[in-house]
Each structure stands twice: as structure tokens, then as C-alpha cells.
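Take a look at the structure below.
Because the structure is a prediction, the values reported are computed rather than measured. Throughout, numbering of the chain's residues begins at 1 and tracks the sequence. Side chains are part of it too, since the values below use all heavy atoms of this structure and drop only hydrogens, waters and symmetry mates.
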Amino acid sequence: MYSTFPRLGALLAAAALLLPGSAAGATPKPADWELTWQDEFSGPAGSAPDPGRWRHQVGGDGWGNEELQYYTPGNRNAAHNGQGQLEITARRETPAGSDCWYGQCQYSSARLVTNGTFAQQYGRFEARIKVPRGQGMWPAFWMLGADYDEVGWPYCGEIDVMENVGKEPNTVYGTVHGDGYSDENGIGGSTTSPDGRPLADNFHTYSVEWGPGEINWFVDGRHYHRVTPDDLPSGAPWAFDKPFFMLLNLAVGGVWPGSPDASTRFPQQLVVDHIRVYSWAGGKAPAPAKNRTVSS
């Protein structure tokens, strides 16, 4: 999701597509995983996200990327639907009490974080999500280094598990950012919807599998992108050998997606069926990629 607290710029992610079956990604067998954290979003209809798992980030001012939404607390824009799902809703409105400037905050939405409630180093992070649709919509499921408050962005590192922009309805992006490879220089890849339809038509499972010296991206179990230290600019530090926390949000507008237009219908919703985090059984991550055989 780029620079974040606030974000600094627009994403120009490289579309380095890796086809399924290529020797570029590893999916350990289910027996290799141990569930360490989950949210099945089973709260009653209208209830706010579990405060023991999620904290709200509240505010507007563009988040460093000229976005147009104001993130609200409580259940105004993030609530369970009573069907085992969380809905983050973007509305065309300026929330009462917002303190926005330079024309921001034309919309309301929500951003949830596990900063202070959960962070983990390595493992599998997955979310089953149905994205919104329409010009100007920007949903994301992503992670930041748990040392963010001490070192700031981009030094903390960032792993974007899933980003989509409404003007590219069939495309999902996965990216990393760190010192020397942030903003438009993030190391990114993309792929198209596995069923050939707009991502907003169906739920899809977006995940990363992350270990020492390696991060792999998947959609519905299909591998499409991989990053190792060899992919970074010369001398740039690998920022991914420490715990990370998760973020989930629906942005509106900004430099990358552009603003909504007359074709965009509101409200729009990012619907999340579940988020699950796993570690490797026995607490041991696999050896770095260069030391093991990698298969799809």
C-alpha cells in the first residue's frame, strides 16, 4: 500500500508475472503449517471488528497519496454482516467531525491494523476477499514491520499481500518496499484473475508465504511472484527478517487509482470472509530458496 503512516507516493509496480508450474514458488504441504492467528468474522450483524484483534486508524489528509477518504472508528464503515464476513464500506460523504484539508475527505471508509495486538515473523498470511469495483477504488491487505513506530517507513519494510485498483478490474498486485526500494521503486509483480472475470465478481484467496530470504505471492493457490535479496538494488537492506503486523483498508482515490468518476457507484464494499496466519510446524521456517528445491 506504499508509504503508509502517511503514504508517500503512487504505485508503479512491475508486472513480473510468473506462470503456475514455473520453478519459482513453493507451497508447503498443509501438514507443514500450524495456525497461529485467525479472524473468521463471526460477530453479529452490525458489530465492530474485534478490538482484541484489530485497531482502527482514524483520519484523512490524503495519507501522503492524495487519497480522498476519511477513515472512521467504530462500526460506521467496518462491521460484521452476520454471515461470517467483515464489510469495509466506502461511502460518498464527509464524516462529521473530520479535520481534513486541501479538499480531501469526500468519502468515508475504514482502515484496520493489528499493530499492538499481533505480529509474526515468517509464515503464511492469507485472506479470502471480495474486492469492490469501480474507478477510484483501492482495496489492500498488507503488512508493515513491527518496528514501524521506532524506525518509520520505509525502513520498517512493507509487504503488500494484495492490492487492486478499480481501473484494472482483473489485476492483483503484490509488492515489497524498504530502504532503497520504496514508492515507485518497490519490487512488484502482478497477475490477472484466475477465472478471467473481474476480481470483484467473486471471492479469491490472496496469500504470501514468507521465510528467510524469500517471499512468494499466490492467488487461489496459484503462484505469480517471488522476491529474494537478489532482486533488491545493490546495497539495499533486506527488511523482512523480523515480525510484521497486518493492515486491511479500502482507500478511495489517490495518484495511482485516480479519483472516482460518474461511473463509480457508492457505497462500495471490501468483503472479507477470513484472515488466517500460519507458521511452519515446529517453528522452523524452510531454508532460504537458494538452498532448497522450489516447485509450484
Side-chain angles (χ1 to χ4, degrees), residues 1-2 4 11 13-20 22 24-30 32-39 113-114 118-129 131 139-146 148 154 156-164 171-178 181 186-191 193-194 199 203-232 238-249 272-280 285-289 292 294-296:
M1 196 67 185
Y2 264 18
T4 51
L11 177 59
L17 174 62
L18 297 175
L19 296 175
S22 65
T27 305
K29 298 176 182 178
D32 294 337
W33 297 113
E34 291 180 345
L35 185 67
T36 55
W37 189 97
Q38 67 185 122
D39 198 335
V113 305
T114 65
F118 175 80
Q120 180 173 299
Q121 179 174 335
Y122 307 144
R124 176 181 172 88
F125 294 72
E126 72 169 41
R128 186 169 183 261
I129 286 172
V131 302
F141 172 51
W142 49 301
M143 302 191 289
L144 288 173
Y148 169 79
C156 63
E158 175 178 334
I159 302 171
D160 298 326
V161 182
M162 181 284 295
E163 290 186 284
N164 167 256
T171 304
V172 58
Y173 289 89
T175 312
V176 295
H177 302 274
Y181 47 102
I187 311 300
S190 67
T191 191
S193 175
L199 294 167
F203 282 91
H204 296 280
T205 300
Y206 304 93
S207 60
V208 294
E209 294 176 7
W210 162 38
E214 179 180 33
I215 306 171
N216 287 284
W217 281 257
F218 301 82
V219 177
D220 294 339
R222 206 178 75 173
H223 179 268
Y224 74 93
H225 182 46
R226 174 188 177 197
V227 172
T228 74
D230 291 340
D231 298 308
L232 306 186
W238 178 254
F240 310 105
D241 291 325
K242 59 189 175 185
F244 273 58
F245 64 87
M246 296 179 289
L247 304 92
L248 182 66
N249 66 275
V272 189
D273 183 70
H274 71 251
I275 297 178
R276 298 170 186 160
V277 182
Y278 302 82
S279 63
W280 278 274
R292 64 187 174 95
V294 182
S295 61
S296 61

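Atom CD of E214 and atom OH of Y122 lie 11.5 Å apart (nearest 0.5 Å). Considering CE of M162 and OG1 of T205, their distance stands at 11.5 Å, rounded to 0.5 Å. Note that CG of L247 and CG of D160 are 9.5 Å apart. Values are rounded to the nearest 0.5 Å. Remark: T175 OG1 to I215 CD1 distance equals 11.0 Å, nearest 0.5 Å. Note that NE2 of H274 is 10.5 Å distant from CG of D39, once rounded to the nearest 0.5 Å. Atom-to-atom distance recorded for N216:CG and T228:OG1 is 9.5 Å, nearest 0.5 angstrom.
Under the ring pair (Phe, Tyr, Trp, His ring centres under 6.0 Å) criterion, Y181 pairs with no residue, sequence neighbours left out. Every residue was checked against the ring pair (Phe, Tyr, Trp, His ring centres under 6.0 Å) condition with Y206, not counting sequence neighbours, and none meets it. Remark: P229 engages W238 in a side chain to side chain contact (heavy atoms under 4.5 Å, CB included) (not counting sequence neighbours).
Checked options I275, N164, V208; the residue passing with F141 is I275 (criterion: side chain to side chain contact (heavy atoms under 4.5 Å, CB included)).
Judged by distance alone, the side chain of S193 and the main-chain N or O of L199 form no donor-acceptor pair under 3.5 Å. Within the 3.5 Å criterion, the main-chain N or O of G174 finds a donor-acceptor partner in the side chain of Y224.
With a 4.5 Å cut-off on side-chain heavy atoms, T191 and W217 do not count as touching. A 4.5 Å side-chain heavy-atom check between V161 and E126 finds every atom pair outside the cut-off. Between M143 and F240 there is no side-chain heavy-atom pair separated by less than 4.5 Å. Annotation: side chain of W142 is in contact with side chain of N249 (closest heavy-atom distance under 4.5 Å). Using a 4.5 Å heavy-atom cutoff, the side chains of F118 and M246 are in contact. Contact of the R128 side chain with the R276 side chain is not registered, since no non-hydrogen atoms from C-beta on lie closer than 4.5 Å.
Counted by atom type alone, T36 and Q120 present one or more donor-acceptor pairs between their side chains at under 3.5 Å.
If you look at F125 and W210, their ring centroids are closer than 6.0 Å.
Here the closest heavy-atom approach between residue A119 and residue A146 is recorded as CB-CB, 4.1 Å. Between S190 and T171, the shortest heavy-atom distance links the atoms CB-CG2, 3.9 Å. Scanning both residues, D241 and P212, for their nearest heavy atoms gives OD1-CA, 4.0 Å. Contact record, A140 with E163: CB-CG, 3.9 Å, taken as the closest heavy-atom pair. Heavy-atom minimum distance, R124 versus E209: NH1-OE2, 2.6 Å.
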